Number of protein chains: 2
Amino acid sequence: MTEPFVPLKLEPAYRKVAAALTARITEGTLQPGDRLPAELELARQLGVHRSTIREALRELESGGLLRRERGSKLMMVTRPDRLAIASGVTRALTLHQATVAEVWETMTLIEPEVAELAALRRTPETVSALTATMADAEHADTARAAAQAAEFFRALAAAAANNVLSLSQEPLLQLLGSSLVRLIEVVPQARSRIAAAQRRILEAVERGDAAAARTWCEKHIRDYRRGFELAGIDLGLPIAAAGGASLTPKTRSRKR
Amino acid sequence: MTEPFVPLKLEPAYRKVAAALTARITEGTLQPGDRLPAELELARQLGVHRSTIREALRELESGGLLRRERGSKLMMVTRPDRLAIASGVTRALTLHQATVAEVWETMTLIEPEVAELAALRRTPETVSALTATMADAEHADTARAAAQAAEFFRALAAAAANNVLSLSQEPLLQLLGSSLVRLIEVVPQARSRIAAAQRRILEAVERGDAAAARTWCEKHIRDYRRGFELAGIDLGLPIAAAGGASLTPKTRSRKR
DNA sequence: ATGGTAGTATTGTCCGACAATACTGCAACC
DNA sequence: GGTTGCAGTATTGTCGGACAATACTACCAT
């Protein structure tokens with residue numbers, strides 16, 4: 001016989017409220033840009049106490065479905081923005097001890113395709129946006145230079161005109177950030193090599209040469225791997241460790 | 001001169017509390033599996049009211065950093081689980097009106113690579129897990145059959161032994177779910193074609209033939225596209241519309 | 001050891017309160 | 001006319017406390 005009783009789950013009220021609000025948003029009754037009613041009003045309508053409403057609001061807020069625009073009091077319904085969503089994924093991957101190798105491997109797979117699509121679908125606007133990201137190339141400030149590398153990929157994905165790709169890529173960029181800083185810090189020729197590769201990719205995209213864009217991007221990503229190795233970053237290590245190590249390289253090399 | 005005053009942001013207490021707790025978790029002071037102190041105790045330690053603590057907890061909870069194990073009272077620190085994280089991304093992409101075409105394109109890019117890696121890194125366990133997913137293939141229940149298709153890809157990614165890939169793939173599977181149901185509902189030969197392709201991929205993975213695995217997977221994904229077209233799913237349409245239409249075609253047309 | 005039982009701890013929800021601040025309308029002023 | 005000042009209201013952030021339901025615990029009886 002099958003089990004006669006399954007664990008019946010009673011949701012607390014705050015979760016039901018959150019679910020109800022989420023449903024209103026996903027089904028479109030509440031649209032991005034709409035203002036939510038005041039907490040007391042919501043409490044009255046849903047028949048629960050304001051505290052309960054507030055707990056539910058925090059839930060939606062952290063999911064990016066609600067935000068308060070600067071200096072406003074009422075909450076506004078909003079589409080989760082890309083960075084916020086990605087940072088949740090980033091945190092999750094960090095806690096799951098994702099390794100540099102895994103992230104790198106995924107980039108190997110995504111980026112060349114992104115470059116290819118960018119070359120095929122470029123528009124004057126996306127190309128100039130891409131060009132604009134080169135301004136900070138080879139920047140003296142290490143953090144700035146690392147940020148520029150990520151920015152380049154973001155602009156590339158924007159040119160590829162695929163939101164799903166852009167969002168898939170974002171956590172990778174965030175995760176690689178700290179390792180990238182270390183790479184640029186430690187490997188002297190990194191700045192120029194990165195800039196040179198970016199220029200090659202940019203040129204290929206500009207003239208719509210998809211094959212070249214892909215090829216150069218492949219090389220570019222492979223080059224990152226070489227850089228990581230040169231910088232002494234253990235690819236098998238979880239990202240967190242690789243990043244943290246870059247902050248205290250001296251202490252690590254000193255024995256004990 | 002530069003602006004003398006930047007908007008100074010004062011965070012409400014509940015967010016500071018959330019940030020403090022998050023920091024403890026990411027830095028490792030609180031490890032997955034640890035139990036959080038009681039709310040009153042936290043309130044005492046942090047010097048705020050219990051309501052404030054509770055709002056912060058909801059924030060972490062919805063981020064997947066805290067969970068309560070069934071029938072327990074204290075919260076437990078936990079690693080965000082893959083499905084939960086992905087569902088946030090899924091919701092975001094839905095709200096951003098991601099199209100079937102975008103999702104499909106991203107799968108085109110990821111899955112063949114996943115298949116290739118799976119063939120290279122397979123172990124007896126992952127292969128048998130992959131085989132096990134075939135049990136539900138060609139299932140009469142449409143929803144079940146669609147779920148099986150997603151399950152197959154999950155097992156494939158597991159065989160590829162890359163957590164980042166698995167997680168990147170998950171939102172795509174969730175997004176495609178509803179369209180997939182529709183596809184299988186409408187296109188009679190879909191079940192057998194899907195099963196056949198899966199068998200081909202599985203065989204290639206089993207014998208470690210990376211090239212074949214990739215090729216068959218590419219064909220498989222291309223076949224999905226054909227299926228979508230046959231099923232009359234407009235690839236340019238946002239996912240929500242494509243899926244929603246299949247779930248409640250009657251009610252939608254009656255709406256007001 | 002096993003099983004029952006009473007007491008304690010903890011959460012979920014409620015009520016109410018109050019200060020700080022954003023919004024509104026109106027009067028006053030250049 | 002447009003700007004400024006101001007009073008009044010609405011709304012949030014935070015607090016204090018309360019209570020029922022239930023998980024946990026320690027103890028007692030068998």
Side-chain angles (χ1 to χ4, degrees), chain A residues 5-25 30 32-78 84, chain B residues 5-25 30 32-78 84:
Chain A
F5 291 102
V6 295
L8 51 96
K9 62 171 187 183
L10 353 145
E11 275 184 322
Y14 63 80
R15 204 176 308 252
K16 280 190 199 153
V17 171
L21 290 176
T22 306
R24 288 287 212 308
I25 295 177
L30 280 172
D34 290 356
R35 290 232 168 82
L36 219 57
E39 294 172 355
L40 267 178
E41 176 60 18
L42 278 174
R44 196 188 57 72
Q45 289 186 26
L46 295 174
V48 296
H49 193 260
R50 187 160 80 100
S51 313
T52 308
I53 294 287
R54 282 178 68 82
E55 293 188 30
L57 290 185
R58 294 296 92 74
E59 206 152 302
L60 295 222
E61 199 181 10
S62 88
L65 263 55
L66 292 181
R67 192 185 315 162
R68 194 190 321 286
E69 39 190 342
R70 228 197 73 68
S72 171
K73 238 164 216 281
L74 269 58
M75 289 281 217
M76 207 181 65
V77 177
T78 168
Chain B
F5 291 103
V6 295
L8 49 95
K9 61 171 184 185
L10 351 146
E11 274 184 322
Y14 63 80
R15 203 176 310 247
K16 281 191 198 151
V17 171
L21 291 175
T22 306
R24 288 285 173 68
I25 294 177
L30 279 172
D34 289 355
R35 291 233 171 85
L36 218 57
E39 294 172 356
L40 265 178
E41 176 60 17
L42 278 174
R44 197 188 56 71
Q45 288 186 28
L46 296 174
V48 297
H49 193 260
R50 188 160 79 99
S51 313
T52 308
I53 294 287
R54 283 178 67 83
E55 293 188 30
L57 291 184
R58 294 298 90 76
E59 207 152 302
L60 296 222
E61 198 181 11
S62 87
L65 264 54
L66 292 180
R67 192 184 315 161
R68 194 190 320 287
E69 39 190 340
R70 227 196 67 74
S72 171
K73 238 163 215 280
L74 268 58
M75 289 279 218
M76 205 181 66
V77 176
T78 167

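In what follows, every chain begins at residue 1, and chains take the letters A, B, ... in the order their sequences are listed. Quick caveat, the model's predicted, so the values are computed rather than measured. The figures that follow rest on heavy atoms only: side chains count, while hydrogens, waters and symmetry mates do not.
Taking every heavy atom of residues 37-44 of chain B and every atom of DNA chain C, pairs under 4.0 Å involve B:Ala38, B:Glu39, by number.
How far CE of B:Met75 is from CZ of B:Arg68: 4.5 Å, rounded to the nearest 0.5 Å.
Using a 4.5 Å cut-off on side-chain heavy atoms (C-beta onward), A:Leu74 and A:Leu36 make no contact. Two residues are said to be in side-chain contact when any heavy atoms from C-beta on lie closer than 4.5 Å; A:Thr52 and A:Leu46 fail this criterion.
In this structure, NE2 of A:His49 is placed 11 Å from P of C:dA17, rounded to the nearest angstrom. What separates CD of A:Glu11 from C1' of C:dG12 is a distance of 14 Å, to the nearest Å. Rounded to whole angstrom, the span from the NZ atom of B:Lys73 across to the P atom of C:dT8 amounts to 16 Å.
Each of A:Leu66, A:Val77, A:Val17 was scored for a side chain to side chain contact (heavy atoms under 4.5 Å, CB included) with A:Leu60, with one residue passing: A:Leu66.
Across all non-hydrogen atoms, the minimal contact from A:Ala18 to A:Ala56 is N-CB, 3.7 Å. Summarising the geometry of B:Ala43 relative to B:His49, their closest heavy-atom pair is CB-C, 4.1 Å, with the distance given to 0.1 Å.
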Inset, instruction - For side-chain contact (heavy atoms from CB on, under 4.5 Å), just list the numbers for B:Leu21 and B:Leu65, CA-CA rounded to whole Å, side-chain angles, deciding distance to a tenth of an Å, and then say yes or no. - result: CA-CA 10 Å; B:Leu21 291 175; B:Leu65 264 54; over 6 Å; no
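Of the residues near DNA chain C, A:Ala13 and B:Leu74, the one whose nearest nucleotide (by heavy atom distance) lies more toward the 5' end is B:Leu74.
On the nucleic acid side, DNA chain D has its first and last nucleotide under 4.0 Å of a heavy atom of chain A at D:dT11 to D:dT14, going 5' to 3'.
Within 4.0 Å of B:Arg50, counting heavy atoms only, lies at least one base atom of the nucleic acid. B:Arg54 comes within 4.0 angstrom of a base, heavy atoms only.
Under the side-chain hydrogen bond (donor to acceptor under 3.5 Å, both in side chains) criterion, A:Glu55 pairs with B:Arg54, B:Arg58, not counting sequence neighbours.
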